[in-house]
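Worksheet for the structure shown next.
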Protein chains: 2
Amino acid sequence: MDTAHVEEPRWLSDEEQRVWRAYVHATALLEDHLDRQLQRDAGMPHIYYVLLACLSEAPHRRLRMTELAMTMKITRSRLSHAVARLEKNGWVRREDCPSDKRGQFAILTDQGMSVLKQAAPGHVNAVRQAVFNRLSPDQQKALGEALQIIAEGLEPKDASADLPWLR
Amino acid sequence: MDTAHVEEPRWLSDEEQRVWRAYVHATALLEDHLDRQLQRDAGMPHIYYVLLACLSEAPHRRLRMTELAMTMKITRSRLSHAVARLEKNGWVRREDCPSDKRGQFAILTDQGMSVLKQAAPGHVNAVRQAVFNRLSPDQQKALGEALQIIAEGLEPKDASADLPWLR
DNA sequence: TCAGATAAGTTGAGGATTCAAGTACAAGGT
DNA sequence: ACCTTGTACTTGAATCCTCAACTTATCTGA
């Protein structure tokens, strides 16, 4: 038998499989749930809500495209398309960066802010109902820690490298 | 001041926000990571891999469309499109259900099985590296439990209602 | 100062997903 | 038998995302 060179990969144990399935199912269900809720009540998918929320917390409600993409952990391309759409809705506008002619700011408009404010309660409610109302404080803490670790491991190596325009 | 009737929603506490952000970031990063890995190495997104895996574990590698959709926690529509694509690749085929003329089976082909087998090691490896290698057994257990609870809460009420064709 | 390498951002094509609507069949009651 | 309601699944259009290619501008080093 000629199997010496065939590395059998290390499969997931039963325990691990249960955890992994829970992950796949929970995330599928929750993303769908939030997308549907926001689409219905505010006319945007979850990620667009997050985008508006990010901008709303930034100084002057404005962020450079790249910085926004990094905070949201999405590609620049995806962000470009998203901002284009939100711009059409009048919820975000762009502005050139004076110090770097390649650069663009995405800016939350007043209308965008007001849409966000309207959407927020329903969204928070959905999150609370799906997640926080069901988990004990200990469970919440453990969940957060585990996810934090996973996120850190997937972060592009030098995500924390200084953005030039922040010095 | 006329604010008596304006229910201020219960916002997330700082603790809760940290957990929620970890959730949003970790799931975004991980889905992207797995999608990219599988797209590169096997020519399909993560969900399609899961679909093949589900079929591979079913008796005779076949499942009714609705049942498959329920196991995967996706809509029938999404499944229809997905199976159509996988069928074009020759990885899945359909077959009419004899006892219910509306029904369809999705069946994993030999070619699909072999593609799955080829993709599995790389995928398991990616999952292990991103998740299980980074978490202690206790953390894994806690993560699984929390996600399990979240999933249960979002499951359509009667998901466990007997499918007629299973009696 | 100038060529190459990098960075910021956009674009378009090809897939994937959602939603609403549609087809075809089954079940249940009268 | 017939009609109504519900189930199984598909379809098409609109939207969204990915990937690779592209434009424009900045940086780096000789």
Side-chain angles (χ1 to χ4, degrees), chain A residues 28-29 31-40 43-51 63-70 72-89 92 94-106 156 158-159 161-166, chain B residues 28-29 31-40 42-51 63-70 72-89 92 94-106 156 158 161-166:
Chain A
L29 287 165
E31 259 307 291
D32 273 21
H33 184 65
L34 297 181
D35 271 342
R36 246 186 279 283
Q37 187 270 319
L38 277 166
Q39 194 72 59
R40 182 167 41 77
M44 64 184 133
H46 179 214
I47 184 99
Y48 287 23
Y49 174 93
V50 175
L51 201 165
L63 240 27
R64 283 286 294 271
M65 293 295 279
T66 294
E67 201 175 355
L68 183 49
M70 289 177 83
M72 297 188 57
K73 281 114 176 68
I74 63 175
T75 62
R76 291 210 248 301
S77 171
R78 189 176 177 184
L79 179 62
S80 257
H81 288 296
V83 167
R85 201 272 230 177
L86 292 173
E87 201 174 20
K88 242 176 241 158
N89 290 25
V92 168
R94 297 181 209 238
E95 203 168 283
D96 292 343
C97 174
S99 63
D100 183 339
K101 284 177 191 161
R102 296 167 305 178
Q104 288 274 105
F105 284 101
D158 53 357
D162 7 24
L163 281 336
W165 56 82
L166 294 179
Chain B
L29 287 166
E31 260 308 292
D32 273 22
H33 185 64
L34 297 181
D35 271 342
R36 244 185 281 282
Q37 187 269 319
L38 277 166
Q39 194 72 59
R40 181 166 43 74
M44 63 184 133
H46 179 214
I47 184 100
Y48 287 25
Y49 175 93
V50 175
L51 201 165
L63 241 26
R64 283 285 294 269
M65 293 293 280
T66 296
E67 200 175 355
L68 183 49
M70 289 176 84
M72 295 188 58
K73 283 113 173 67
I74 63 175
T75 63
R76 287 207 251 289
S77 171
R78 189 175 175 184
L79 180 61
S80 258
H81 288 296
V83 167
R85 202 272 228 176
L86 293 173
E87 202 174 18
K88 242 175 239 157
N89 290 23
V92 168
R94 296 181 210 239
E95 204 169 284
D96 291 344
C97 174
S99 62
D100 184 339
K101 284 177 190 162
R102 295 166 305 178
Q104 288 274 104
F105 284 101
D158 51 359
D162 5 25
L163 281 337
W165 57 81
L166 295 179

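Order of the sequence lines sets the chain letters (A, B, ...), proteins ahead of strands, with each chain counted from 1.
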Next item on the list: Using the closest heavy atom to pick a nucleotide of DNA chain C for each, name whichever of B/Lys101 or B/Pro45 lands nearer the 5' end.
Entry: B/Pro45
Checklist line | Nearest-nucleotide 5' precedence on DNA chain D, A/Gly43 against B/Arg36 | finding: A/Gly43
Next item on the list: Please state how far atom CG in A/Leu68 lies from atom P in C/dA8, giving the value in whole angstrom units.
Entry: 14 Å
Notebook entry, point to check: B/Arg85 side chain N/O closer than 4.0 Å to the phosphate oxygens (OP1, OP2) of C/dG15?
Noted result: no
Next item on the list: Taking the side chain as every heavy atom from C-beta outward, state whether B/Gln104 and B/Val83 have any pair of such atoms under 4.5 Å apart.
Entry: no
Check: In whole Å, what is the span from the CZ atom of B/Arg102 to the P atom of D/dT10?
Finding: 13 Å
Check: Heavy atoms under 4.0 Å, any strand shown: does A/Ile74 hit a base, just sugar-phosphate, or nothing?
Finding: nothing
Check: Does a side-chain heavy-atom distance below 4.5 Å link B/Lys73 with A/Asp32?
Finding: no
Notebook entry, point to check: A/Met65 has a side chain; which of C/dA16, D/dC9, C/dG9 sits nearest to it?
Noted result: C/dG9
Note to self: Tell me whether the side-chain N/O atoms of A/Arg64 come closer than 4.0 Å to OP1 or OP2 in C/dG9.
What the structure shows: yes
Checklist line | Polar pair under 3.5 Å, donor/acceptor by atom type, side chain B/Ser77, base C/dC19 | finding: yes
Next item on the list: Provide, to the nearest angstrom, the distance between the CG atom belonging to A/Leu79 and the P atom belonging to D/dC16.
Entry: 14 Å
Next item on the list: Could you pick out which residue, A/Val83 or B/Gln39, lies toward the 5' side of DNA chain C when each is mapped onto its nearest nucleotide?
Entry: A/Val83
Next item on the list: Using a heavy-atom cut-off of under 4.0 Å over every strand shown, decide if A/Phe105 touches base, sugar-phosphate, or nothing.
Entry: nothing
Margin query: Distance check needed: D/dT26 C1' versus A/Asp100 CG, whole Å only.
Written below: 7 Å
Checklist line | Length of the CG-C1' vector between A/Asp35 and C/dA16, whole Å | finding: 13 Å
Margin query: If you only use heavy atoms from C-beta on, which nucleotide in D/dA25, D/dC9, C/dT10 is closest to the side chain of B/Ser80?
Written below: D/dC9
Check: Quick one: A/Met72 CE to D/dC17 P, roughly how many Å, whole number?
Finding: 9 Å
Notebook entry, point to check: Hey, are the side chains of A/Glu31 and A/His46 touching, using non-hydrogen atoms and a 4.5 Å cut-off?
Noted result: yes
Check: Under 3.5 Å, is there an N or O donor on one side and an acceptor on the other linking the side chain of A/His81 and the base of C/dG12?
Finding: yes
Checklist line | Spacing of B/His33 atom NE2 relative to D/dT18 atom C1', expressed in whole Å | finding: 16 Å
Item checked: 4.5 Å side-chain heavy-atom contact, A/Asp100 and A/Arg64 -> yes
Note to self: Are the side chains of B/Asn89 and B/Met44 in contact, using a 4.5 Å heavy-atom criterion?
What the structure shows: no
Margin query: Distance check needed: C/dC25 C1' versus B/Asp96 CG, whole Å only.
Written below: 12 Å
